[in-house]
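Here the structure comes first, spelled out in structure tokens, and everything after it is commentary.
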Amino acid sequence: MSEGLDDQFDLHPSLVDDFTSSGHVCVRGLVAPDVVAAIRPAIEAAARERTEHVGPLEERDTYGKAFLQAANLWKLDEAVCRFVFARRFAGVAAGLLQVPGVRLYHDQALIKEAGGGPTPWHQDQRYWPLDSDRTITMWLPLVAVPIEVGSMTFASGSHRLGDLCGPGISDDSEALFAEAVRQRSLPTASHGALAVGDATFHAGWTLHRAPANPTGGHRPVMTVIYFADGTRVSEPADDLQRFDLAVWLKGLAPGDLAASARNPLLFP
Ligand SMILES: O=C(O)CCC(=O)C(=O)O
């Protein structure tokens, strides 16, 4: 089941260069398709358990229509834990960030349902009370993502702009960041269709969005968020960051090393 998950992935230097300049990259063939197929039922079952209270799609707001979201699934299931903790994934995250080690911020299954709406433009790190920009999300589909569903669109180079002080994922973030992309003439790029075993990685400040799912099938994705080992907790800027501090950095205070029991060192 865990075959390959602890083996090192041979990260081509051109991917590191692409990530450094654009803030996103697609790693094709990161993991064997049968490893993903084997873990998919456990991730989907754990995600279902966490989201069974969510009402019908048409009654939700824009954020709610974008995806069903279930986090820290590594705590629910041993096999999911092995997948999330995989040195293969964490090694790529460290390699792209060009840091010696990375810790877990949290994992998250993002299931865009059949007929689910677009994911508005946003910056992930606006939620995170972390004092480093050495942060990265791995986005790994559990099924092949055809072109009609599509993977994410990124504003290349936006990670170098840092905090654009936008709101959380919402109609407002879509409007504000679409305008920022236009005004700053930021190039946008998508890695298009993804095969099972491919994954994209994007930096914490990279602006990104995802298209709606017009198909009759759902789009389950597993994400893992990493930050550089040695990162400290920053003063939370607002309630969204206070929530993250309480939940993903449980027991820590501003100035502490971000290394709670929920943030194990995953690489090296
Ligand atoms: O899966 C999506 O629709 C969006 C995912 C996303 O925004 C992220 O992983 O940071």
Side-chain angles (χ1 to χ4, degrees), residues 19 22-27 30 40 43-44 47 51 54 57 60-73 84 89 92-93 96-97 104-128 130 133 135-156 158-159 163-164 166-174 176-178 181 188-194 198-215 217-227 240 244 248:
F19 179 79
S22 69
H24 61 88
V25 84
C26 181
V27 180
L30 173 63
R40 180 182 162 197
I43 292 178
E44 291 189 328
T51 57
V54 178
L57 197 57
R60 299 182 219 149
D61 65 7
T62 300
Y63 190 171
K65 286 189 171 98
F67 41 67
L68 290 173
Q69 187 173 12
N72 266 11
L73 301 184
V84 170
F89 304 153
V92 170
L96 292 172
L97 290 176
L104 175 70
Y105 189 52
H106 60 80
D107 70 51
Q108 191 154 249
L110 298 176
I111 304 191
K112 200 178 278 289
E113 296 147 283
T119 307
W121 281 114
H122 64 282
Q123 289 183 300
D124 294 342
Q125 197 160 337
R126 68 92 53 233
Y127 290 94
W128 307 340
L130 296 172
D133 60 1
T135 60
I136 190 166
T137 299
M138 178 183 76
W139 190 89
L140 189 145
L142 301 175
V143 296
V145 176
I147 202 70
E148 314 85 84
V149 176
S151 51
M152 289 183 285
T153 296
F154 302 98
S156 297
S158 52
H159 62 309
D163 187 358
L164 292 168
I169 299 175
S170 58
D171 292 330
D172 288 349
S173 73
E174 174 69 18
L176 186 129
F177 288 131
V181 167
T188 58
S190 166
H191 299 283
L194 263 59
D198 296 346
T200 62
F201 287 79
H202 62 275
W205 289 121
T206 302
L207 270 171
H208 58 285
R209 73 186 304 284
N213 178 4
T215 70
H218 68 302
R219 185 226 62 187
V221 166
M222 190 58 173
T223 65
V224 182
I225 304 168
Y226 309 87
F227 59 81
L240 293 175
D244 265 41
W248 312 127

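Start at 1 and go down the list; that is how both ligands and their atoms are numbered.
- In His122, the part holding a heavy atom less than 4.0 Å from any atom of ligand 1 is the side chain.
- Interface atoms of ligand 1 facing Phe67, defined by a heavy-atom separation under 4.0 Å, are 2 (C), 3 (O), 4 (C).
- Considering backbone and side-chain atoms together, Trp139 places an N or O closer than 3.5 Å to an N or O of ligand 1.
- The backbone N or O of Pro220 sits nowhere less than 3.5 Å from a side-chain atom of Lys112 that would complete a donor-acceptor pair.
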### Message
Please determine whether salt bridge (charged side-chain N to carboxylate O under 4.0 Å, His left out) holds for the pair Glu148 and Arg219, giving the CA-CA distance in whole Å, both sets of side-chain angles, and the decisive distance to 0.1 Å.
### Response
CA-CA 11 Å; Glu148 314 85 84; Arg219 185 226 62 187; over 6 Å; no
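- Glu174 contributes a side-chain N or O that, together with a main-chain N or O of Trp121, makes up a donor-acceptor pair within less than 3.5 Å.
- Against a heavy-atom cut-off of under 4.0 Å, Leu110 is close to the following atoms of ligand 1: 1 (O), 5 (C), 9 (O).
- At a heavy-atom cutoff of 4.0 Å, ligand 1 is contacted by no atom of Arg209, backbone or side chain.
- Heavy-atom contacts of Lys112 reach the following atoms of ligand 1: 3 (O) (cutoff under 4.0 Å).
- Residues Thr135 and Tyr105 fail the side-chain proximity criterion, which asks for heavy atoms closer than 4.5 Å.
- Listed for the Thr215 side chain is no donor-acceptor partner under 3.5 Å among the backbone atoms of Asn213.
- The shell of residues lying under 4.0 angstrom from ligand 1, judged by heavy atoms, includes Arg219.
- Residue nearest to atom 8 (C) of ligand 1, selected from His208, Met222, Met138: His208 (by heavy-atom distance).
- Ligand 1 places these atoms under 4.0 Å from at least one heavy atom of Asp124: 10 (O).
- Checked by distance only, ligand 1 and Thr119 come closer than 3.5 Å through their nitrogen or oxygen atoms.
- Annotation: His24 is not in aromatic contact with Phe201 [ring centroid separation under 6.0 Å not met].
- In this structure, Thr206 contributes its side chain and His202 its backbone to no donor-acceptor pair below 3.5 Å.
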